[in-house]
Novice: 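Dropping the structure in here first, questions after.
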Amino acid sequence: TYYRHHRYVPHFYRYRDHSANTENLLPEVANPEPVVPQPGMPTYPEIPEVFHPEPEVFHPIPEAFHPVPGVVHPAPEPYQLPEVFQPVLDASSPVNANRVFYGIMFDAGSTGSRIHIYKFIQKDPVELPVLDNEMYHAVKPGLSAYKDNPEEGGNTIRQLLKIAKKTVPEEDWKRTPVVLKATAGLRLLPEERANALLKEVRGVFDESPFFVPNNSVSIMNGAKEGVLAWVTVNFLTGHLYSNTRRTVGILDLGGGSTQITFLPKSKKTVQSAPPTYIAQFNLFKNTYQVYTHSYLGNGLYAARLATLGALGAEGLDWKVFTSSCLPKKFREDVTFGGTTYKVSGIPDGYAGYKLCYYEVMKVIKGIVHQPYEVKGSSVFYAFSYYFDRAVESGLIDGSRGGAIEVRDFKKRAKEVCNKMTKYRAVSPFLCMDMTYITCLLKEGFGFKDTTVLQLAKKVNNVETSWALGATFDYFRNLNIH
Ligand SMILES: Nc1nc2c(ncn2[C@@H]2O[C@H](COP(=O)(O)OP(=O)(O)O)[C@@H](O)[C@H]2O)c(=O)[nH]1
């Protein structure tokens, strides 16, 4: 369990120019959509839509964007106007009296379930609530592993809820919303299996003392997953401010799916993209248009199976799936999404980077779209398994993260594959994973060798995941379409 204490107040307050245009301090919300109150539904301060101006040329990562543990906020430039967390000016709101409120977001991923408990502080009814800290805990495996035993799956969520009860003060339980969003693991399951798991979780929520909103347990679609991660990362890096005209793209590599999201600066990117790859949502006064796509089946674990030719295969009892990406003498059972497969290296064959590259290409070629613009010099934040594999292969330090170039993945992939015995202790799949990441970035998305990837697990002590964006979305619907 990680308890992350960090304060966001300073970056709003320190850099806030109080003589600034008050129109911006109290923005008129475009399309104010009244929330239809449900019986017993508590009230919260409204998290506003966040303004974002026209994008301009991306810059190389300034020093200040490097996640420095313990630093409150990188503050790449003086902030003038707070744009996030605009409170509702309602003196009768119970929140204004209490000044603290919480949000509980569950991430039911294909390889694990995680709870995020966010604490927000409303300092003053006319000031901004701020994100005070996040409490995070993860369990493995993910819900989909319990496809034949949903009750047990529900138990993993029940366990995580115990942490929420310890973290959120009892007097706040009733008005603290609890929400679970499932990603690729459940998307990949047959519908009735996924529904049984969701139903079980709903039961667990209903028996909890927290506030259970309508539709609090659901499978999130891939576009939303990408957009919400983009919102999280750009919020945490201080890019969602009216005077900050740059944003960063995000690359998320899960177990079952992978997402790319960025704000195009060229019209051609939008025009040449498949229409479903362009998503719009409102951020403060602007409608925001991003390139986003989630590739289901192209997450790291699903890609392993696809490379082995095992995904969706029959006759699993006797079949052994082989690959030249694995050490020759390796043989093991691997389980993903509740199904077990026998896999091995090719004992009397060849193993190594080149052969492996051809194998993983099958999973990418003709599947992954190359956005017009990724050949430019945009900055991308890469997290989840991009981060984990970069750490395991020694490219970056796990406690600090860091910036690397796409070609660094390639160089290290070659090294790992050509010296499999050396890296076998780290993971027998490291060659396959590193080669897949290289191939996805270069042949899939079409990144240049020199594209800089900022690898981060946390930014300013908050997990880089879609969960924070999803919490904002709950408090103030971003209206993604
Ligand atoms: N740091 C961090 N990593 C996360 C979080 N949630 C998921 N991950 C990472 O995401 C990867 C797995 O993604 P998962 O959700 O299981 O796959 P998906 O279902 O395909 O999206 C792993 O590398 C996890 O460590 C989070 O909140 N914080």
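One-based numbering, in listed order, for ligands and for the atoms of each. Remember, predicted model here, so these are calculated numbers, not experimental data.
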Novice: Is the distance from the ring center of F101 to that of F475 below 6.0 Å?
Specialist: yes

Novice: Number the atoms of ligand 1 from 1 as they appear, then name those within less than 4.0 Å of a heavy atom of S384, with their elements.
Specialist: 9 (C), 10 (O), 11 (C), 23 (O)

Novice: Just to check, does S257 reach to within less than 4.0 Å of ligand 1 when the distance is taken from its heavy atoms?
Specialist: yes

Novice: Under 4.0 Å from a heavy atom of T183: which atoms of ligand 1 are those, numbered in the order shown and with their elements?
Specialist: 18 (P), 19 (O), 21 (O)

Novice: For atom 13 (O) of ligand 1, what is the nearest protein heavy atom, given as residue, atom name and distance?
Specialist: G254 CA, 3.3 Å

Novice: Measure from atom 16 (O) of ligand 1 to every heavy atom in T111, L296, V462 and give the option owning the shortest one.
Specialist: T111

Novice: When you measure from the centre of the six-membered ring of F429, is the NZ or CZ of R304 under 6.0 Å away and within 45° of the axis?
Specialist: yes

Novice: Keeping T464 on the side-chain end and K457 on the backbone end, is there a donor-acceptor pair under 3.5 Å?
Specialist: yes

Novice: Who's the nearest protein heavy-atom neighbour of atom 2 (C) of ligand 1, and how far?
Specialist: E463 OE1, 2.9 Å

Novice: Under 4.0 Å between a Lys/Arg side-chain N and an Asp/Glu carboxylate O for E170 and K165?
Specialist: no

Novice: Closest non-hydrogen protein atom to atom 5 (C) of ligand 1, residue and atom name please, with distance?
Specialist: Y136 OH, 3.6 Å

Novice: Could you list which atoms of ligand 1 come closer than 4.0 Å to a heavy atom of E225?
Specialist: 21 (O)

Novice: Could a heavy atom of S110 be found less than 4.0 Å from some atom of ligand 1?
Specialist: yes

Novice: Hey, what's the ring geometry for F120 with F472, parallel, tilted or perpendicular (30° and 60° as the breaks)?
Specialist: tilted

Novice: Verify whether the ring centers belonging to F106 and F205 lie closer than 6.0 Å.
Specialist: yes

Novice: Under 6.0 Å between ring centres: does that hold for Y102 and W173?
Specialist: no

Novice: What protein heavy atom sits nearest atom 6 (N) of ligand 1, and how far away is it?
Specialist: D107 OD2, 3.1 Å

Novice: Could you work out, for atom 17 (O) of ligand 1, the closest of G109, G255, G222 by heavy-atom distance?
Specialist: G255

Novice: Any idea which protein heavy atom is nearest atom 7 (C) of ligand 1, and the distance to it?
Specialist: R114 NH1, 3.1 Å

Novice: Need the ligand 1 atom indices (1-based, order shown) with element for anything under 4.0 Å from a heavy-atom of D388.
Specialist: 22 (C), 23 (O), 25 (O)

Novice: Considering only heavy atoms, which of A229, G256, A108, A138 lies nearest to atom 20 (O) of ligand 1?
Specialist: G256

Novice: For T183, enumerate each residue passing the side-chain contact (heavy atoms from CB on, under 4.5 Å) test, keeping only those at least two apart in sequence or located in another chain.
Specialist: D107, R187, M220, E225, W466

Novice: Quick check: does any side chain N or O of N298 sit under 3.5 Å from a backbone N or O of Y295, one acting as donor and the other as acceptor?
Specialist: no

Novice: What residue and heavy atom of the protein are closest to atom 27 (O) of ligand 1, and at what distance?
Specialist: H116 CE1, 2.9 Å

Novice: Establish, yes or no, whether a centroid distance under 6.0 Å links the rings of Y341 and F336.
Specialist: no

